[in-house]
Amino acid sequence: MKPSFGFTGSAPLAFTDRVVTDSAKQTLELDELELLLEALYRFCDYDLRQYGRRSLLRLIHNVLAEHGLQHISELIPLVAHDQAFRRSVIDRLTVSYSVMFRDPELFKRLKDDVLLYLQSFPRLSIWIAGCAEGEEVYSLAILLSEAGLLERTQLYATDISPKALESARSGVLKRAFDDEVAERYRASGGNKELRDYFSGVDGQLRIDKAILQRIAFERHDLVQQPNHVSAHLILCRNVFIYFDHVLKNRVLDKLGDALMPGGFLAIGVEENISLCNAYNRFDILSRKAGLFRKKLGY
Ligand SMILES: C[S@@+](CC[C@H](N)C(=O)[O-])C[C@H]1O[C@@H](n2cnc3c(N)ncnc32)[C@H](O)[C@@H]1O
C-alpha cells in the first residue's frame, strides 16, 4: 500500500501546478515586455526601460485588448515596421492626462507661500516638466498673473510627447469647464472668474494670448536629455509615478541640479520619493501637497 502523506486526492497537487503555470506565464510576459521596450528604444529612441513594470503592463494590456492581440511579443514586429502604430503605442505608454488646477492644495501652497517668497526676485524662471497638454502650466500662469508676477516670469513647459506639446502650444482646452474645475480654481486661491482667462473659438476654449506667450513649450526627455534651464520653481507632477526606483533617483537628482539654491520642487501628491538618495537634497515643505525645497549647499 502506498503511503498517503496525510492527505488523499489531487487538490494540493493541482493547486501547485496552477501556481507554477501562473508564475511562468508572468515571467514570460515580463520577458516579452523587456523585448518590446528594447524595440521602442532602438526604433524610436524612447527609453522606457526603467519605467515601472506594473503600470506598463496595465497600459500594454489595454493596447493588446484594443487590437485583439494576445501576447506582448505580437507588438514587436508592429512597432518595428509600422511607424503610425509605434507612435500610438508610445502615446498610450506616456499617458498625457491632466486637468486644470489638479490637486488644489498644491496650488494654494504655491500661491500663499512660494509666490509670496518669489516676489522679491526681479526675474523668475519656472519649469513644468511633463506638462502634458498644458492644463497645469495654464493653471500656474493664471495664479502668477493674479499675484502680479507673470510679466517677469519665463515659464518653460516640457514633455516627451510631441503630440501632447502640440495640443499644449495651441492653448486650446481639451475638456470644457465644469463646476469641478471652477471649484478647484477657488480652492487654489483663485480670486477672479476663471472664464475671463479664456475666449471661445469654434466652440472651444482658448487661453489668453498674454498668458500663452509667457510659456516656451519644448520637447524634453527627462530620462535622456540634460537639463537646459535653471529654475526657481519646478513642477514635475505625476511623472515619477511611472518610473522605477533607480530612475526616480536619477531624475530627482537632475531636477535638484536644475533648481537654484533654495528653489522649490512640486511632485504629485501620490508620489513617493522618500527612498531616493537624492531626497536628502530637499527639505519637506508639505508632504500632503507634494512640495519640497532644495537645501542650501546641495
Ligand atoms: C500623467 S501626465 C502628468 C501631467 C501633469 N504634470 C499633471 O500632473 O497633471 C505625465 C506626463 O509625463 C510625460 N512623460 C513621461 N515620460 C517622460 C519623460 N521621460 N520625459 C518627459 N516627460 C515625460 C508624459 O508624456 C505625460 O505627458
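Both ligands and their constituent atoms are indexed starting at 1 by order of listing. Sequence positions, counted from 1, serve as the residue numbers for this chain.
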Can you find a heavy atom in the side chain of R175 that is under 4.5 Å from one in the side chain of L173?
no

How far apart are the C-alpha atoms of R87 and D91, what are their side-chain angles, what is the distance that settles it, and do they pass the salt bridge (Lys or Arg N to Asp or Glu O under 4.0 Å) test?
CA-CA 6 Å; R87 260 280 32 111; D91 287 341; 3.4 Å; yes

Atom 25 (O) of ligand 1: nearest protein contact (heavy atom, Å):
D159 OD1, 2.6 Å

Report the C-alpha separation of V89 and F85 in whole Å, then their side-chain angles, then the decisive distance to 0.1 Å, and conclude whether the side-chain contact (heavy atoms from CB on, under 4.5 Å) test is met.
CA-CA 6 Å; V89 170; F85 188 86; 3.4 Å; yes

Report yes or no: is the cationic atom of R109 (NZ for Lys, CZ for Arg) closer than 6.0 Å to the six-membered ring centre of F264, at no more than 45° off its axis?
no

Can you tell which of E136, H220, Q50, K163 gets a heavy atom nearest to atom 21 (C) of ligand 1?
H220

List ligand 1 atoms under 4.0 Å from V239, heavy atoms only on the residue side.
12 (O)

Can you find a pair of side-chain heavy atoms, one from S188 and one from I142, that are under 4.5 Å apart?
no

Any atoms of ligand 1 less than 4.0 Å from a non-hydrogen atom of S96? List them with their elements.
25 (O), 26 (C), 27 (O)

One residue to check: A164. Relative to ligand 1, which of side chain, backbone, both or neither has a non-hydrogen atom less than 4.0 Å away?
neither

For ligand 1, find out whether one of its N or O atoms is nearer than 3.5 Å to an N or O atom of V99.
no

Could you check atom 8 (O) of ligand 1 against the protein and tell me its nearest heavy-atom contact, residue, atom and distance included?
N238 ND2, 2.8 Å

Can S161 and D159 be said to form a side chain to side chain donor-acceptor pair (under 3.5 Å), step by step?
CA-CA 5 Å; S161 163; D159 200 282; 4.6 Å; no

Just by modelled atom types, is the K192 backbone N or O under 3.5 Å from a matching donor or acceptor in the Y185 side chain?
yes

Heavy-atom contacts with A132 under 4.0 Å: which atoms of ligand 1 show up? List them by number with element.
4 (C), 27 (O)

Look at atom 3 (C) of ligand 1 and say which protein heavy atom is nearest, naming residue and atom and giving the distance to 0.1 Å.
R237 O, 3.6 Å

Please state which option from F240, Y46, Y51 has its nearest heavy atom closest to atom 19 (N) of ligand 1.
Y51

Does any part of the side chain of R152, heavy atoms only, come nearer than 4.5 Å to the side chain of Q119, both counted from C-beta?
yes

Identified salt bridge (charged side-chain N to carboxylate O under 4.0 Å, His left out) partner of R237 from the options E136, E270, E271:
E136

re atom 7 (C) of ligand 1, the protein heavy-atom contact at minimum distance is R102 NH1, 3.2 Å

How far is atom 14 (N) of ligand 1 from its nearest protein heavy atom, and which residue and atom name does that atom have?
I160 CG2, 3.7 Å

Within ligand 1, which atoms have a heavy atom of V223 less than 4.0 Å away?
19 (N)

What protein heavy atom lies closest to atom 4 (C) of ligand 1? Include the residue and the distance to one decimal.
G130 O, 3.4 Å

What's the shortest distance from atom 26 (C) of ligand 1 to any protein heavy atom, and which residue and atom give it?
T94 O, 3.1 Å

Identify the closest protein heavy atom to atom 1 (C) of ligand 1: which residue and atom is it, and at what distance?
V95 O, 3.2 Å

When you measure from the centre of the six-membered ring of F177, is the NZ or CZ of R195 under 6.0 Å away and within 45° of the axis?
no

